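Input: a single structure, listed below in structure tokens.
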Amino acid sequence: MNEPSKIPAKFLKPYDPASTEDRIYSLWEKSGFFNPDHLPERNKQGEPFSIVLPPPNVTGTLHMGHAAMLAIEDIMIRYKRMKGYRTLWVPGTDHAAIATQSKVEKQIEKAEGKRRHDLGREELLKRVNAFAQESHDTIVNQVRKMGASIDWSREAFTLDQHRNLAVRTAFKTMYDLGLIYRGSKVVNWDPKGQTTISDDEIVYETRKAKLYTFKYSKDIPISISTTRPETKLGDAAIAVHPDGPRYQSYIGKEFDAVFAGEAIHVKVIADTAVEKEFGTGALGVTPAHSSIDWDMAQRHNLPMKQVIDEFARMTVGNEAIKGKKVTEARAAVVEWLKAEGLLEKEEDIDQNVATAERTGGIIEPLPKLQWFVGVNTPFVLAHSTIPGIASGSKTTLKEIMLQSVKSRAITIIPDRFERVYFNWIENLRDWCISRQIWYGHRIPVWYKEISNLKSEISKSGTATAGESEVYVGIEAPIGEGWSQDEDTLDTWFSSGLWTFSTLGWPRSAEASQGKPDDFSLFHPTSVLETGYDIIFFWVARMILMTGCLIGEVPFKTVYLHGLVRDGKGRKMSKSLDNIIDPLDMIAKYGADATRLSLIIGTGPGNDMKLSEDKVKGYKNFSNKIWNITRFILSAAAGERFGSTDVPAITYDPAFKAWSSVELAHIKVLNDLIAEVSKEMDEFKFYLVGEKLYHYIWHELADKILEESKSILSGDDLQARTSRIQFLLHSLNTSLRLIHPFMPYVTEEIWQEMENTHLLIVEEWPRA
RNA sequence: GCGCGAUUAGCUCAGUUGGUAGAGCAACUCUUUUACACAGAGAAGGUCGCAGGUUCAAGUCCUGCAUCGCGCACCA
């Protein structure tokens, strides 16, 4: 009884994630099994399975949402690897253009009181790059801590050299297809960030506003309503609904007035975009400061006058207005209206104010010359594997996006998001891709006499040939006098290429002819796992880009996870001070516990609530597995329970001499294997996690281990052997089943039991 | 305005094709028995948001409503 234990000493203490995890991770890394080229033969012969990591923004650190993403994707990859697939998981980070630049700009302004233009393009970029590098290192460390079995040798960055080549190639190709064009229209201008943004980067905020009803002058008989009277200095028309009886007699009439110091000329037009019931039923049309009005102006051939500049200041009006910020000008216009006796009504209403997602600036619609992707432009898709779109047929980007999902070439989990996706496509307008910021991919376009072109605001829509020479190319043009477009591309333009730019596209001549490369092996990727909040920003754009440039879908399955909220269901935020940091949880309870807490109790597409207690609970589970192992290993070693000398027993996978009790237990275990294998294939990870938890704790530990005590201390050697073989079998199987969920503790135990192989490449159990 | 989701035990959630309500956590009682007190045994806890309907049978299907949350559009 006093002889030293035959099992490793560490099992005599509780499981300690802190002294285990880093050691195990480097063991995996050294094995090379994260890389599909270094997998065992079984996997190399296997079917490819690939996931690209949604690249985290290099704006700081990872949060619980990222942790959930990493846990889910690692579960898929580990499961498939065990199933014998040739698995590839590509890591990377996203430069996140606007988000990163504005973050660094804020820091610089706070610390040094300097602005972007005080530093200049080169110096600012130096600062942003340094910040991005630091963020990157932090992020990579966090990804490792989570236990992600990701192929670091293939790490990419949306702004690195190869990705830049992909961006230039994509731009040039789409330009040649007529899908990218330069045009002047009313775009979303962010006066705070000093750049345009796309429709999707707008966040609407409900605010109280006043709706003013007034006439432009005493001589104009129609009253209009607006929340922004200051824009009315740029009005070109009064629009009424063609069916409305009220203003029929005025349609076609034209009026002149001096409005708050500015001469205006308005024509009464009929347009169905006007709602009869709103306000007075008549709408003042401001072509330069509203995209709806811009559209109307196009239809009715109205002139356009810009009255607000890039800093949201008035450029015209009387002395109380000109040069003032729009909010001050608004008050001044209202004063003027009152003084003139033109104001008829002032009402409080709720208004959705458009703000910029990243800077919070209030969007000012302004006419600008920008680059766009035409989503409704017909073009010939040379090569296509998308069902319903034949190679060489005429199609549009909208059609590609629609067809890719409608045809089931891509399935979205949960499927209700397919409707959300279709709804978005229906309302989609041309995508403004140029940004007036410095951090990002420079637009691969060069001009001669660029200064003329920049100041030009043409109504025709596209840059006119002859006024200036435009060169679009992958490389800079040869010759004198060319200057490159100052603007950069929307960050989502480069992330849209992510599923194939990370796999070597565009391929060099050698790569496309020789042996299979990453692109031919792993594209389309198998699964895209991401948050439902970026379905438009990213998922849709990837489908658009891939369909257009490659003629394929980027992935076969989209698995959407929800937001991670705090225990009370609130969004985690600094101001609420309710952020749960993944690294803290890992340090306190281990990565396995953290992972499990993010999986169990939440289905795809649903937000999840996370509390520290939940993580703690799964830490106890890690320790439970640890102690189950201790019990089984000592039993097999012949320690305790026996009054006589009993031989040590080693696991025999081919063991057949089962007692009847064991046969019943084997059936339960086999049923479990069949069940969870099916659910793994159906992406029901939350169910699998819960079932395995339940089996290991309440079946294996509470029932089987308990009843083993009498068998093990009994005299029936045959029954004892049968029981120990089953305990070893059940433990071995359980470790393999739950490994994708809890990789560290399972690998650590596996190393004690089967020190010749790594659990990471063991076979998934078969029933 | 259009659409989506949620509403089940104190809390977080399961509940697959309709067949007498489940799990985890918390709380309660007992047990420090040699795998584990980061534990075990046990008991308790729900008119499944409301109102109708279909059915032998409804948490599950249908209709309407309510509350909360979200998305899209409008927002002159």
Side-chain angles (χ1 to χ4, degrees), chain A residues 1 7 11-16 199-200 204 206-207 209 211-213 224-229 231-232 235 238-239 273-275 278-286 289-290 292-293 296 349-354 414 416-424 426-428 532-533 535-536 562-563 565 567-571 589-590 593 596-597 600-603 605-611 613-635 639-641 675 678-679 682 684 686-687 689-691 693-694 697-698 701-702 705-706 708-709 713 727:
Chain A
M1 280 308 249
I7 64 164
F11 284 107
L12 301 177
K13 289 181 291 188
Y15 172 61
D16 177 27
D199 295 345
D200 297 285
Y204 287 97
T206 309
R207 293 185 190 177
L211 181 68
Y212 302 96
T213 301
I224 55 155
S225 298
T226 181
T227 52
R228 300 204 51 191
T231 64
K232 301 290 106 182
D235 278 14
I238 297 172
V274 181
E275 196 155 332
F278 191 93
T280 60
L283 155 69
V285 182
T286 323
H289 299 290
S290 153
I292 305 275
D293 292 10
M296 247 187 273
I349 59 160
D350 284 324
Q351 194 197 17
N352 282 338
V353 178
R416 62 187 149 92
F417 283 100
E418 290 180 6
R419 292 182 61 172
V420 178
Y421 174 80
F422 290 136
N423 180 258
W424 177 81
E426 270 167 42
N427 295 313
L428 188 62
Y532 66 75
D533 52 328
I535 181 165
F536 308 137
L563 268 55
R565 296 169 175 279
K568 291 176 185 150
R570 300 171 305 179
K571 239 178 173 164
Y589 309 110
L596 214 52
S597 71
I600 295 182
T602 179
N606 291 332
D607 292 352
M608 62 184 106
K609 292 177 191 164
L610 182 76
S611 59
D613 276 346
K614 191 174 177 187
V615 188
K616 206 173 177 177
Y618 292 115
K619 149 104 208 244
N620 295 355
F621 180 52
S622 309
N623 194 51
K624 194 73 187 178
I625 299 176
W626 193 250
N627 280 296
I628 289 169
T629 306
R630 175 179 166 184
F631 178 96
I632 294 175
L633 288 186
S634 21
E639 280 183 35
R640 301 169 186 173
F641 300 111
E675 230 172 277
K678 183 168 168 277
E679 284 159 355
E682 291 166 349
K684 293 178 180 167
Y686 57 105
L687 277 183
E690 200 173 294
K691 280 181 184 174
Y693 177 94
H694 195 262
W697 199 314
H698 300 298
D702 290 350
L705 252 54
E706 287 306 319
S708 297
K709 288 176 183 172
S713 56
L727 290 176

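Source: prediction; values computed, not measured. Both backbone and side-chain heavy atoms feed into the values below; hydrogens, waters and symmetry mates do not.
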- [ ] Output all residues satisfying ring pair (Phe, Tyr, Trp, His ring centres under 6.0 Å) with A:Tyr618, sequence neighbours left out; order by chain, then residue number.
- [x]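 Residues passing ring pair (Phe, Tyr, Trp, His ring centres under 6.0 Å) with A:Tyr618: A:Tyr693.
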
Open item on the list: Tell me every residue that passes ring pair (Phe, Tyr, Trp, His ring centres under 6.0 Å) with A:Tyr15, counting only those two or more places apart in sequence or in another chain.
Closed with: A:Trp626

Report yes if at least one side-chain N or O of [X] is closer than 4.0 Å to OP1 or OP2 of [N]; otherwise report no.
| X | N | answer |
| --- | --- | --- |
| A:Tyr693 | B:C25 | yes |
| A:Asn620 | B:A39 | yes |
| A:His698 | B:G24 | yes |
| A:Lys609 | B:C11 | no |
| A:Trp697 | B:G40 | yes |

TODO: For B:A14 and B:A57, measure between their P atoms and round to the nearest Å.
DONE: 29 Å

- [ ] In whole angstrom, give me the gap between the P atoms of B:U16 and B:A6.
- [x]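 Rounded to whole Å, the distance is 12 Å.
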
Just checking [X]: base, sugar-phosphate only, or nothing, at a heavy-atom cut-off of under 4.0 Å?
| X | result |
| --- | --- |
| A:Leu687 | sugar-phosphate |
| A:Lys619 | base |
| A:Thr231 | nothing |
| A:Gly601 | sugar-phosphate |
| A:Val274 | base |
| A:Ala701 | base |
| A:Arg228 | nothing |
| A:Asp613 | nothing |

TODO: Run the salt-bridge test on A:Glu706 and A:Lys709 with the 4.0 Å N-O cut-off and return the result as yes or no.
DONE: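 Salt bridge: yes.
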
- [ ] Write out the stems for RNA chain B, ordered by first number and formatted as range with range, counting runs of at least 3 consecutive Watson-Crick or G-U wobble pairs under 3.5 Å.
- [x] B:1-7 with B:66-72, B:10-13 with B:22-25, B:28-31 with B:39-42, B:49-53 with B:61-65

TODO: Could you check how far CG of A:Asn606 sits from C1' of B:U12, rounded to whole Å?
DONE: 13 Å

- [ ] Return yes if some donor-acceptor pair links the side-chain N/O of A:Thr286 with the main-chain N/O of A:His289 below 3.5 Å, else return no.
- [x]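 No.
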
Open item on the list: Donor-acceptor pair, distance only, cut-off 3.5 Å: does the side chain of A:Lys614 make one with the backbone of A:Ser597?
Closed with: yes

Task: Stepwise side-chain contact (heavy atoms from CB on, under 4.5 Å) test for A:Glu682 and A:Leu687 - done: CA-CA 10 Å; A:Glu682 291 166 349; A:Leu687 277 183; over 6 Å; no

TODO: With the side chain counted from C-beta on, respond yes when A:Leu211 and A:Phe278 share a heavy-atom pair under 4.5 Å apart, and no when they do not.
DONE: yes

Open item on the list: Given the structure, check if the side chain of A:Lys624 and the base of B:C36 hold any donor-acceptor pair shorter than 3.5 Å.
Closed with: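 Indeed there is one.
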
Open item on the list: Would the base of B:A35 count as contacting A:Glu706 through its side chain, where contact means a donor and an acceptor less than 3.5 Å apart?
Closed with: yes

